[in-house]
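Below is one structure; the comments refer to it alone.
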Amino acid sequence: MTLQQCLATFIQNILFELYEYEVEIGSGLIQKTKKEFEGDYTFVVFPYVKAVRKSPDQLGAEIGEKLAEKHSDFVKNFNVIKGFLNISLQDEVWLDVVCGMRYEVRGTHTAHRIPHTASEKRGSLYMIEYSSPNTNKPLHLGHVRNNLLGNAVANILEACGNQVVRVNLVNDRGIHICKSMLAWQKFGNNETPENAGIKGDHLVGKYYVIFDKELKKEIAELVSQGFSEEEAQKKSQLLHEAQEMLRKWEENNAEIRKVWAQMNAWVYEGFEKTYKRLGIHFDKIYYESNTYLLGKQIVEEGLKSGAFYQKPDSSVWVDLSNEGLDEKLLLRSDGTSVYITQDLGTAQLRYDEYHPEKMIYVVGNEQNYHFDVLKLILDKKLHKSFGKNIEHLSYGMVELPFGKMKSREGTVVDADDLMEAMFQEAKTTSEALGKFNFEEKEAQELYEMLGLGALKYFILKVDPKKNMLFNPEESIDFNGNTAPFIQYTHARIKSLLRKAEENAIEYQNVSFPADSTLSEPEKELIKLLYDYEAILINAAEILSPALIANYTFELAKEFNRFYQEIPIFKEENVQNRALRLQIAENCAKKIKNAMGLLGIDVPERM
């Protein structure tokens, strides 16, 4: 039972005892007291004044007095401000939080531990799709945000006791893939990752950019001959050849399939290296080339049932105007698939294989309409039971000082280049500060930890729904809301604990008298430690790693205040010193756990 649940039960019983008013008060109605007021938790009495015929202040005072009288071992004091009952808990309660001790609260029959709510909350199976790269280009900054969000959300859901299946859908077919293939055939001169000395995904991405440049040249030539832009697009020989290549691919042309398989193999090898450095893994990888036909079957079934309709040119559509949307293409007139086609098939395949309670798609907000359509088709048109259980984790774009990224123009921030740049930024900043004195190997590992930690934290601390501007220099700052600040705090705490061990200071098995008192910094830090479980559950409910990131920053910041204001090794009272070391140890554990959920490592020393 949580502290809020205890207070809710106490107040519920008091309302019945004083006024014979029977009402269920959820723990959610007991909120943390705002910092500008005195108290630990606040109960708003306004909803109950009419039933008991009391003014807000009078009702708050009477409940507070009864709380302090009946539960004096739990409630220290209270104050009422304009109908808000602010309740301060006994220091002994907060000491129990630190010690993790069991205790019985008078007035209830439940022995409760603090805190274990999240770890005891068992959920069902979630499936999370993230990454979803195309095999015509390397992973870029946008993919980095996608992967980090998907991985962190999966970690958070698992920490709340759920089973999670991490999946990746590789977009390995389509006109964009054929563009890279065609450019390589025309301009590649049999170039390979080996003879070029570059990663395979970078090589294939190079030819995607070449295709776009050659296409622009061709279009410009046609426009100079008097054709309009639209007419030039239709007359483009390059586009015609790419479309013809896609048609042959779908017909399983052996020559085209051989080139496709070779170039994709280059890309997969490159992707794997990027994923490994970023700390990303998957339980299962789906390939669009294996699932798009399943989608075509579903479309054909929907056509037979009348859920879809066919136009004179043989293209297949769905009418969603009654659901507030419009008509949506499902199959082109030549029978080739579109994105929604394969997503229908993949959703059915995943449900048949795993029966997840929820399928979460981590995809940018430019695809909001796409997922609205997907859910409506599955739920309203095809009456699939899992249609309602699809959730789109829509996230904002990562913006850059020089504008939006465009893969076909080669203006993307490559994920590999970005990770290497962050490593170098961490190295430069660390050496400039002159804080560290490590052997070369250990120094390199620390720079990698700091650089990638800075990248991950800077992205994950932002609400997923918001667009963000990525600033590498700001992300590596050791004094702001950054991973290096939090990592340094963890290393500082571990240094304190090592010092205690070196000086044979016992602190883990020390008990505290019932009349022990806490200083304000001690109490505030303990309260923040206690909040972790609630933050974790909330982050899982709204799929937001930002809650975990910003909580961890607040914890690190509060610890540093505590460290500056409260003596530890200079404290002569053995119990006070032990308490402060226990608080420090708990802070280190929470920081490591929370940062781990974000996929960020923390150093033992810096």
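Scope of the values below: all heavy atoms of this structure, side chains included, with no hydrogens, waters or symmetry mates.
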For the pair Ser88 and Val75, evaluate side-chain contact (heavy atoms from CB on, under 4.5 Å) and give the outcome as yes or no after the intermediate values. CA-CA 6 Å; Ser88 296; Val75 175; over 6 Å; no

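- A search for ring-ring contact (aromatic ring centres under 6.0 Å, His included) contacts involving Phe78 returns nothing, not counting sequence neighbours.
- No donor-acceptor contact under 3.5 angstrom links the side chains of Tyr286 and Asn168, judged on distance only.
- Under a 4.0 Å N-O distance rule, the pair Glu445/Lys441 qualifies as a salt bridge.
- Under 3.5 Å, the side chains of Glu440 and Gln444 contain a donor-acceptor pair of N or O atoms.
- Phe282 pairs by the ring-ring contact (aromatic ring centres under 6.0 Å, His included) definition with Tyr130, Tyr275, not counting sequence neighbours.
- Figure legend: cation-pi geometry between Arg577 and Phe569 absent, as NZ or CZ is not positioned both under 6.0 Å from the six-membered ring centre and within 45° of its axis.
- Remark: the Gln508 side chain and the Glu585 side chain contain an N/O donor-acceptor pair separated by less than 3.5 Å.
- Ring geometry, Phe559 versus Tyr563: the interplanar angle falls under 30°, so the pair is classed parallel (tilted spans 30 to 60°).
- Atom CD1 of Ile459 sits about 5.5 Å away from atom CG of Leu141, to the nearest 0.5 Å.
- His71 has its ring centre less than 6.0 Å from the ring centre of Phe10.
- Remark: Glu272 does not engage Lys276 in a salt bridge, criterion side-chain N to carboxylate O under 4.0 Å.
- Ion pairing of Lys32 with Asp40 is absent here, as no side-chain N (NZ or NE/NH1/NH2) approaches a carboxylate O to less than 4.0 Å.
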